[in-house]
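Just so you know, residue 1 is the first one in the sequence shown, and it goes up from there. Bear in mind the structure is a predicted one, so any value in this text is a computation, not a measurement.
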Amino acid sequence: MNKGAVVNLLSRIEEERGRFLVWAPLFFGTGIGLYFVPLREPDIATYTTLAVVVLICASIAWRWPWGGGPLARAVICVALGFGVAGARAHWVAGPVLDFRYYGPIEGRIIAMDRSQSDAVRLTLDQVRLNDVNPAKLPNRVRVSLHGDQDFLTPAIGQRIATTGHLSGPNGPVEPGGFDFQRMAWFRGIGAVGYTRSPALLLSPPMGELSLAVGRLRQTIANRVREVLPGDSGAFAATITTGDRSSMDRATIDALRGSNLAHLLAISGLHMGLLTGFVFQAMRVLMGLWPRLSLNVPVKKLAAVTAIGAGVFYLALSGGAVATTRAFIMVTTMFVAILFDRRALTLRAVAMAAMIVLILTPEALVEPGFQMSFAATTALVAVFAWIRDRSRNGTPRRLPGWLRPVLAVVISSAVAGLATAPIGAAHFNQVSHYGLVANLLSVPIMGAVIMPLAVLAALLAVVRLEALALSLMDWPIRWILWVADTVSSLDGAIGKVPTPPGYVLPLLAVTGIFFILLRGREKWVAILPTMVALVGWATVERPTVLISSSGGLVGVMTSDGRALSKSRGEGFAARSWLENDGDVATQQMAFEREGFSGQKGQLEINLSGLSLTHLTGRGAEDRLVEACAATDLVVLAAWRDGPVLDGCALLDRKALAQSGAVAVHLEPGGWFIEPSHPEDLSRLWTR
């Protein structure tokens, strides 16, 4: 690169110096992402080096603000992101159960939701376990309630007791898969399990201030469901309080299949509709009093009221990432009104992203954060472009009634396109008719349901909330009907395989560059985007997958992945098939041609690899014979005997160290990829 090119590059960087805030989340997020990459936990020497780098770069930015200054600040943001993520990981540290426990479980309910099997799931703190050292008790445990549970109506703040199974959170069900261990670590969950015994009430809620908001949330949700029973009440309780404990799996699947699941998340749509309605309503009401409207800045007073409504809604909903982001966005907008400034800009989005990432850096790797900010950034950028085009040209004015319709169409299309790759990567499906479903549902949500929810909150003061809640029934039924109808259409849902790990970060970075860069240089982002999409389209799934218990094996065949059993280890089976982009159920995958032999000793021959899966009683007795005939034996039992010659053996003892494994076939042979390599040592791994 010649001197002129260097000068031009530094000049271009200098032009972006005034917009550094909009770039800061990219660099800060890069640092957070780098923290999660290494196999070993960073040591004190790493953080000391980062501190030195920050000091050096701060000196450069202060002494030479032109040219090198922005680059130095970028490096500072990366280093700080890395450090904040590490500090957060240590801050939330807590005991993790390191053995399988069965016995009495006692604790206080602090959260409720539903598991993948549609069972009510309780998160408990102040935990007591039989014969477990208090110093080793998890701070929180999560228990799914199965069987007859008619003895208890769970409520936030109750202290309960039951008898059940617990173990530490499991790692990925395949190498590179979703890491539940890491998620549980940051949420303070040190054990998960289930019970089939009745859960019994030990003491009612005691009035602890820390759980007051949770109890209020549940009280409101119960009242909503009392007035609106069934699916309508469950939907209304979810969008008003964030309580999803009554949403059944079929309804959630229908909403996801129609790309309407975002209506359940208390995010930008809900926060914007609620605070916007409060803002406009306050302006109208105060405008009815001439003396007040002439002597008081009504618009600013309405903005303060809307911020207060947003604070209440944020607390009531539990403060999820999407809700926090939405609250910061609307608060920024209303604060700008107080100072007579415009706020719907990328700076507001960047500010919200920085606040969320500083408070909860682990949110970066979760779909909620990614989809929320992808949609918001794209919407702000597109509407800013439309606004600028309108100012610079002489566009044809649209009729007043058509403008909100066009806004809904554009918003749904832009948000859908921005979040589609993220949703497809995390949930392995694409809703082909999602735009149609959103056009039929979002206007009803904004024009009818959310205003009625605000009206119900106001009428609750005089105990007349049932009037407004009952009016929400048919609009909600309409949305649920749209979701069910659209998701059941032929070809409504397309399944896609999980992409390689570099795809989403590459798409995110190139998307940000395309939005933030100006002129022709933004088209440089096209090439990396194509690389990511080609990598996704040509991804090769592992030939063989083996669960961490050795009880389930999945082998890729010409018809799809064949599974070694029809029941049991359902989470791993479902995850493997979804990651393959396969629509089959576990039973269907079990019935595929592939494995042969008798129950307890299944065999399969692949190109360059023969495998035997031993399960059931006496499995170890058949080990020597199986080892003599095949290359790889998977034993669903713990073996302490001597090493056998002639074959590779994966038993529960080996899999306890390696986690779930993938077997890859290559022209020269095959190799095993573990979920937990030998040198893996992070805070959340055991």
Side-chain angles (χ1 to χ4, degrees), residues 19 21-23 25-26 29 259-277 279 310 320-334 336-337 342-356 363 367-391 395 398 402-424 431 434-439 441-443 445-447 450 507-518 522 525 529:
R19 297 202 310 156
L21 176 61
V22 299
W23 289 96
L26 172 62
N259 198 27
L260 293 177
H262 66 91
L263 297 181
L264 296 178
I266 299 179
S267 57
L269 176 65
H270 304 71
M271 186 69 72
L273 292 174
L274 181 136
T275 55
F277 177 80
F279 175 71
V321 170
T323 318
T324 303
R325 186 271 309 163
F327 171 74
I328 295 170
M329 287 288 296
V330 300
T331 300
T332 303
M333 181 180 69
F334 288 123
I337 290 175
R342 180 168 58 88
L344 191 60
T345 65
L346 290 174
R347 289 178 181 272
V349 181
M351 187 183 304
M354 287 298 294
I355 292 174
V356 172
F369 175 90
Q370 296 169 9
M371 297 181 75
S372 177
F373 279 95
T376 305
T377 304
L379 287 169
V380 171
V382 168
F383 279 103
W385 178 81
I386 293 174
R387 183 188 63 238
D388 293 341
R389 294 274 294 182
S390 300
R391 289 177 177 176
L398 297 172
L402 188 57
R403 293 175 190 172
V405 175
L406 184 60
V408 171
V409 173
I410 294 175
S411 299
S412 299
V414 171
L417 289 173
T419 59
I422 302 170
S431 177
L435 178 59
V436 175
N438 276 273
L439 293 177
S441 302
V442 171
M445 190 78 179
M450 292 307 296
L507 288 177
V509 171
T510 54
I512 292 173
F513 269 77
F514 183 81
I515 290 174
L516 296 185
L517 291 177
R518 298 168 177 173
K522 68 170 51 187
T529 300

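Although no hydrogens or angles enter the test, the distance criterion places a donor-acceptor pair under 3.5 Å between the side chain of N438 and the main chain of N259.
Rounding to the nearest 0.5 Å places CZ of F327 at 9.5 Å from CD1 of I355. F369 contributes atom CZ, which lies 10.0 Å from atom CD1 of I422 (distance to the nearest 0.5 angstrom). Note that the CE atom of M354 and the CG atom of L21 stand 8.0 Å from one another [nearest 0.5 Å]. Rounded to the nearest 0.5 Å, atoms CH2 (W23) and CG (L346) are 11.0 Å apart. Taken to the nearest 0.5 Å, the CD1 atom of I512 stands 11.0 Å off from the CG atom of L507.
Residues A525 and T510 approach most closely at CB-O, 3.4 Å, considering heavy atoms. Here the closest non-hydrogen pair linking M371 and T419 is O-CG2, 3.4 Å. The two residues A418 and A374 come nearest to each other via the heavy atoms CB-O, 3.6 Å. Smallest separation of non-hydrogen atoms from V22 and A350: CA-CB, 3.7 Å. The shortest heavy-atom contact between V356 and F373 is CG2-CZ, 4.3 Å. Counting all heavy atoms, side chain and backbone alike, S441 lies closest to L260 at OG-CD1, 3.5 Å.
Side-chain contact between F383 and V414: absent, with no pair of heavy atoms (C-beta onward) separated by less than 4.5 Å.
Ring planes of F279 and F334: tilted class, angle from 30 to 60°.
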